Amino acid sequence: MAKEFRGPGKDVVKKVWQELGLNEERVKESVEALKKWLAMEPHLPEESGSLHEARLERWLIRCKNSMERTKQSIDLYYTLKSLCPELMCDWNPRSKWYQDAVKTLCWFPMPEPTPEGDRVTMIKYLTKDAINYTHEDLVRSCTMANEVRMCEEYCFSDIYVLDLENYTLGHASRITFTAAKKAEICFLVYVHGKDLTNFRKQVPRMCLPDDLGGTGGSLQENWNLWLKKVDSYHNWFKQHENFKSDESKRQGGALNADDLFGFDGSFKELNVD
């Protein structure tokens with residue numbers, strides 16, 4: 001039976017801190033430093049509250065305790081919300097586009113982290129019918145899932161499991177070059193055929209759905225629970241909608257889509273103080 005998603009226990013948190021040379025005092029100091037930096041950047045929004053601080057802490061962890069990388073990541077996040085509204089805005093789990101998207105593809109973290117503190121995320125096309133497939137909406141729904149994780153998650157790294165059983169040329173043909181570049185992320189990819197012996201050695205059974213030989217409950221059960229989790233953030237998504245960069249106030253001049261993506265679609269490095 002599937003379980004509800006839960007954040008890691010104190011033992012995992014301490015293990016992550018130890019790996020990154022952190023402790024409670026250093027984490028608090030780093031979060032305060034990030035808050036002061038944000039307050040000095042006129043183009044970035046003013047957020048506050050315990051959840052905001054928790055997200056800054058997780059940002060620091062995701063960037064392996066590098067303040068420079070964390071600042072770059074935060075700056076890029078708010079900038080993308082301004083320059084890529086088709087992916088980073090209208091995060092409403094009760095809207096028609098979202099309800100249509102989640103019938104096409106599921107994207108959710110398994111409820112149990114691995115013993116090493118990693119998190120397995122399942123991705124699967126739910127139908128071979130690509131008539132209602134919209135790449136931008138699916139990417140947007142996935143960014144919403146990651147937003148929820150930033151509020152509750154704490155892990156060393158991510159393991160993405162992509163099940164292509166229902167993927168067809170119809171899906172592939174609907175991805176434009178520009179859309180693919182905007183959503184581009186580089187992974188170390190392992191391809192497994194019908195023999196999943198090696199795959200199951202890489203990922204613990206407790207972190208896999210029953211459908212793939214795991215013990216974590218069925219994929220559909222986990223997906224249903226995750227959709228309820230995302231829906232519980234409905235008000236937070238609505239309040240967070242306008243937290244984006246104001247490029248007219250950026251020191252050194254505003255950025256635009258060409259500055260970020262360029263001709264070849266690669267991100268331009270942001271300079272942060």
Side-chain angles (χ1 to χ4, degrees), residues 30-63 66-98 101 107 134-153 176 178-185 230-262 265-273:
S30 296
V31 169
E32 287 302 313
L34 288 171
K35 288 167 62 178
K36 290 180 181 179
W37 167 74
L38 282 166
M40 295 174 62
E41 296 294 328
H43 68 291
L44 296 180
E46 295 183 10
E47 293 196 56
S48 61
S50 58
L51 185 56
H52 173 55
E53 293 182 358
R55 285 167 61 82
L56 291 179
E57 179 179 338
R58 287 166 173 79
W59 237 311
L60 182 71
I61 297 300
R62 287 288 182 170
C63 293
S66 167
M67 289 295 288
E68 181 179 0
R69 286 177 57 192
T70 303
K71 290 177 181 180
Q72 290 177 346
S73 178
I74 293 172
D75 196 330
L76 180 59
Y77 166 80
Y78 287 120
T79 302
L80 289 175
K81 289 194 70 177
S82 292
L83 301 183
C84 292
E86 73 276 18
L87 301 181
M88 304 290 286
C89 292
D90 191 20
W91 286 343
N92 182 356
R94 300 176 187 176
S95 62
K96 185 180 185 304
W97 77 260
Y98 183 82
W107 176 299
T134 304
H135 179 70
E136 288 81 359
D137 285 349
L138 290 177
V139 172
R140 185 161 43 160
S141 67
C142 295
T143 60
M144 289 172 63
N146 287 333
E147 286 293 302
V148 174
R149 291 187 60 202
M150 278 293 288
C151 294
E152 300 189 17
E153 182 61 285
T176 65
T178 301
K181 278 295 183 180
K182 284 188 176 182
E184 181 179 320
I185 303 175
V230 175
D231 186 72
S232 72
Y233 277 80
H234 174 262
N235 291 336
W236 183 85
F237 279 125
K238 185 176 181 179
Q239 296 167 359
H240 204 257
E241 180 74 16
N242 294 319
F243 287 128
K244 59 186 71 174
S245 70
D246 183 347
E247 292 303 317
S248 67
K249 296 180 180 179
R250 182 185 288 275
Q251 298 174 358
L255 291 178
N256 56 42
D258 288 338
D259 291 323
L260 277 181
F261 303 111
S266 59
F267 287 120
K268 174 182 178 180
E269 182 176 348
L270 296 178
N271 292 318
V272 293
D273 298 324

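Since we're looking at a predicted model, the values are computed, not measured.
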* To do: Considering only NZ, NE, NH1 and NH2 on the basic side and carboxylate oxygens on the acidic side, decide whether Arg250 and Glu247 come within less than 4.0 Å.
  => yes
* Without hydrogens or angle criteria, can the side chains of Ser141 and Trp107 be said to hold a donor-acceptor pair below 3.5 Å? -> no
Return the [atom1] to [atom2] distance between [X] and [Y], rounded to the nearest 0.5 Å.
| X | Y | atom1 | atom2 | result |
| --- | --- | --- | --- | --- |
| Leu34 | Thr70 | CG | OG1 | 6.0 Å |
| His240 | Trp91 | NE2 | CH2 | 7.5 Å |
| Leu56 | Leu38 | CG | CG | 6.0 Å |
| Tyr98 | Asp231 | OH | CG | 8.0 Å |
| Lys71 | Cys63 | NZ | SG | 12.0 Å |

Using salt bridge (Lys or Arg N to Asp or Glu O under 4.0 Å) as the criterion, list what pairs up with [X], not counting sequence neighbours.
| X | result |
| --- | --- |
| Glu47 | none |
| Arg58 | none |
| Lys36 | none |
| Lys35 | Glu32, Glu53 |

Exercise: identify the closest heavy-atom pair between [X] and [Y]:
| X | Y | value |
| --- | --- | --- |
| Ala33 | Met67 | CB-CE, 3.9 Å |
| Trp97 | Asp137 | CZ3-O, 3.2 Å |
| Ser248 | Asp246 | OG-OD1, 2.5 Å |
| Arg149 | Arg62 | NH2-NH2, 3.0 Å |
| Gln251 | Pro42 | NE2-CD, 3.5 Å |

Set of residues satisfying side-chain contact (heavy atoms from CB on, under 4.5 Å) with respect to [X], sequence neighbours excluded:
| X | answer |
| --- | --- |
| Asn92 | Asp90, Arg94, Ser95, His234 |
| Glu57 | Trp17, Val27, Val31, Tyr154 |
| Cys151 | Leu51, Arg55, Tyr233, Trp236 |
| Pro45 | Tyr78, Phe243 |

Pairing residues for [X] by the side-chain hydrogen bond (donor to acceptor under 3.5 Å, both in side chains) criterion, not counting sequence neighbours:
| X | value |
| --- | --- |
| Lys244 | none |
| Lys249 | none |
| Ser66 | none |
| Ser82 | Ser245 |

* Asked: Can you list the steps and then say if Glu136 with Leu87 is a side-chain contact (heavy atoms from CB on, under 4.5 Å)?
  -> CA-CA 6 Å; Glu136 288 81 359; Leu87 301 181; 4.1 Å; yes
* Would you please test Tyr77 and Met88 for side-chain contact (heavy atoms from CB on, under 4.5 Å) and show each step? => CA-CA 9 Å; Tyr77 166 80; Met88 304 290 286; 4.1 Å; yes
